Amino acid sequence: MLAIQGGFEAHERVLRRLGAEVKQVKVPADLDGIEGLVLPGGESTAISLGVERERLAEPLRELARAGTPMLGSCAGLIMLDREHLGLMDMRAQRNAFGRQVASFEADVDVEGLDGRPVRGVFIRAPLIAEHGPDVQILGAVDGHAVAAREGRKLALAFHTELGSDDRLHKLFLEDVLAARE
Ligand code: GLN
């Protein structure tokens, strides 16, 4: 869990509920033994500053190059984009849903999840404005891409860690198990 700033505790609770062992990453040495990384929501500016201060960018890129599964939610999605850590070939547009609708909930049909859509909580959420050919869009709201996958990296513009629907975290943990093989 990238634990520099933001809502990492809610993600930790979900992952523990699903039986995962969770370790907080604040400095590069914390990355030792990590099998997957969640980049939580929060403020991408504050997270970027922390990443810079702790010299985490290059070690995180190395982790991604090694094929380590990642799940970025909201500000975490922004951190994954070309203009931040550059771990996914996409460009996020910050605060993309405007001031009037700073926060809202919407059902998102996410490809790869069986059954019902996910109830997404959007809090000053970004959208995926552009992406390269290796990025697969998994879900959209009003025609705006809000969920994507590139290899074993998942990017979500919204939060699901606040509710009881654990399916996206399960998807991430399935990637973690698959990466062991
Ligand atoms: N608006 C925030 C940003 O630009 C993201 C909001 C969130 O993570 N809930 O970083």
Side-chain angles (χ1 to χ4, degrees), residues 1-17 22 24-26 36-57 60-61 63-64 69-110 113 117-131 135 137-150 153-172:
M1 180 68 50
L2 189 65
I4 288 176
Q5 187 271 342
F8 47 87
E9 282 168 357
H11 282 283
E12 290 180 3
R13 275 195 292 277
V14 177
L15 293 171
R16 290 209 173 91
R17 188 157 75 214
V22 180
Q24 293 194 346
V25 171
K26 293 177 191 283
L37 184 75
V38 173
L39 300 93
E43 241 351 290
S44 51
T45 315
I47 299 174
S48 294
L49 285 172
V51 163
E52 205 174 305
R53 186 185 61 231
E54 302 301 340
R55 300 182 191 284
L56 266 162
L60 289 174
R61 289 192 189 109
L63 196 74
M70 297 192 177
L71 169 69
S73 159
C74 207
L77 174 153
I78 298 169
M79 292 305 299
L80 288 169
D81 92 342
R82 289 176 194 143
E83 288 165 13
H84 293 80
L85 290 168
L87 304 184
M88 284 178 70
D89 186 17
M90 62 180 187
R91 185 172 61 79
Q93 184 184 333
R94 294 180 63 192
N95 303 319
F97 292 91
R99 287 198 178 277
Q100 277 77 15
V101 285
S103 298
F104 62 96
E105 290 189 19
D107 285 331
V108 190
D109 259 316
V110 178
L113 290 188
V118 168
R119 190 74 181 158
V121 180
F122 293 76
I123 306 169
R124 290 180 300 110
L127 60 77
I128 299 162
E130 270 176 57
H131 63 90
V135 174
I137 300 303
L138 301 179
V141 165
D142 292 340
H144 301 304
V146 293
R149 173 188 279 286
E150 182 176 352
K153 284 161 288 188
L154 286 167
L156 310 171
F158 49 89
H159 301 263
T160 61
E161 73 280 6
L162 306 166
S164 58
D165 189 340
D166 297 342
R167 288 176 294 160
L168 286 162
H169 289 79
K170 270 191 197 136
L171 207 60
F172 162 69

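Whatever order the structure lists ligands and atoms in, that order sets their numbers, starting from 1. Any value given below was found using the heavy atoms of this structure, including those in side chains, with hydrogens, waters and symmetry copies removed. Quick caveat: nothing in here was measured; it's all calculated off a predicted structure.
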* Salt bridge present between Arg17 and Glu161 (N-O < 4.0 angstrom) ->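 Salt bridge flag = no for Glu161 with Arg17.
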
State which residues pass side-chain contact (heavy atoms from CB on, under 4.5 Å) with [X]; sequence neighbours excluded, sorted by chain then number.
| X | result |
| --- | --- |
| Glu105 | Arg119, Val121 |
| Ala140 | none |
| Arg82 | Asp89, Arg91, Glu130 |

* Asked: Does a donor on one side chain sit under 3.5 Å from an acceptor on the other, for His84 and Asp81?
  ->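 There is such a pair between these side chains.
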
* Asked: In terms of the angle between their ring planes, are Phe97 and His144 parallel, tilted or perpendicular, with boundaries placed at 30° and 60°?
  -> perpendicular

* Structure fact -> By chain and number, the residues contacting ligand 1 below 4.0 angstrom (heavy atoms only) are Gly41, Gly42, Glu43, Ser44, Cys74, Ala75, Ile78, Arg94, Asn95, Ile123, Arg124, His159

